[in-house]
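Note sheet for the following structure.
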Amino acid sequence: MTATTARAVANVVLASAGVAAAYVVLTTPPLRRLAVRAIEVWLGATVPIYLASQARQAWVESGRGPSTRLGARPSAGLGSGRLT
């Protein structure tokens, strides 16, 4: 058996095992509930982290520096001596 044939056979065996496991999970209600809950937890943890990292990366790539808040002027704070 060549390496290419062995790799193809291994891929077929793994795909068959995956399909069989999916069938068992989808047809067994407790396992289906467990799988749905695991997906909810996984998405609930990873999606916000991904979005925050993408927002941070976009901010860094935009070339903007750190700021305190929108519209704030450094000279307009307390102790600036300006009365408006």
Side-chain angles (χ1 to χ4, degrees):
M1 182 181 295
T2 65
T4 305
T5 305
R7 187 176 303 256
V9 169
N11 286 340
V12 169
V13 169
L14 285 175
S16 300
V19 168
Y23 175 78
V24 169
V25 167
L26 291 176
T27 57
T28 308
L31 291 177
R32 184 173 52 232
R33 286 190 294 270
L34 178 66
V36 168
R37 182 65 184 138
I39 290 171
E40 288 173 350
V41 168
W42 176 64
L43 288 176
T46 57
V47 171
I49 292 171
Y50 172 76
L51 292 175
S53 68
Q54 290 298 308
R56 183 181 183 285
Q57 181 180 352
W59 181 268
V60 169
E61 289 178 2
S62 72
R64 292 182 153 186
S67 64
T68 55
R69 59 181 183 202
L70 293 176
R73 293 175 292 170
S75 62
L78 293 176
S80 66
R82 291 179 55 186
L83 296 175
T84 55

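Residue numbers count from 1 along this sequence.
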In a table with atom names and distances, give each donor-acceptor pair under 3.5 Å that connects a side chain of residues 4-24 to protein atoms at least two apart or in another chain.
unit_1	atom_1	unit_2	atom_2	d
Thr5	OG1	Thr2	OG1	3.0
Asn11	ND2	Arg7	O	3.4
Ser16	OG	Val12	O	2.9

For this session: Can you sort out the partners of Ser53 under side-chain hydrogen bond (donor to acceptor under 3.5 Å, both in side chains), two or more places apart, ordered by chain and number?
Result: none
Problem set entry | salt bridge (charged side-chain N to carboxylate O under 4.0 Å, His left out) pairs, two or more places apart, involving residues 37-55 | Arg37-Glu40
Seminar exercise, completed: So OG1 of Thr28 and CG of Leu34: to nearest 0.5 Å the spacing works out to 11.0 Å
Problem set entry | Hphob cluster co-occupancy, Leu51 + Trp42, side-chain heavy atoms under 4.5 angstrom | yes
Exercise. Can you list every pair that meets salt bridge (charged side-chain N to carboxylate O under 4.0 Å, His left out) and has a residue in residues 8-32, with sequence neighbours left out?
Worked result: none
Exercise. Taking only residues two or more places apart in sequence or in another chain, which ones pass side chain to side chain contact (heavy atoms under 4.5 Å, CB included) with Leu43?
Worked result: Ile39, Val47
Seminar exercise, completed: Quick note, salt bridge (charged side-chain N to carboxylate O under 4.0 Å, His left out) partners involving residues 48-63, not counting sequence neighbours, are none
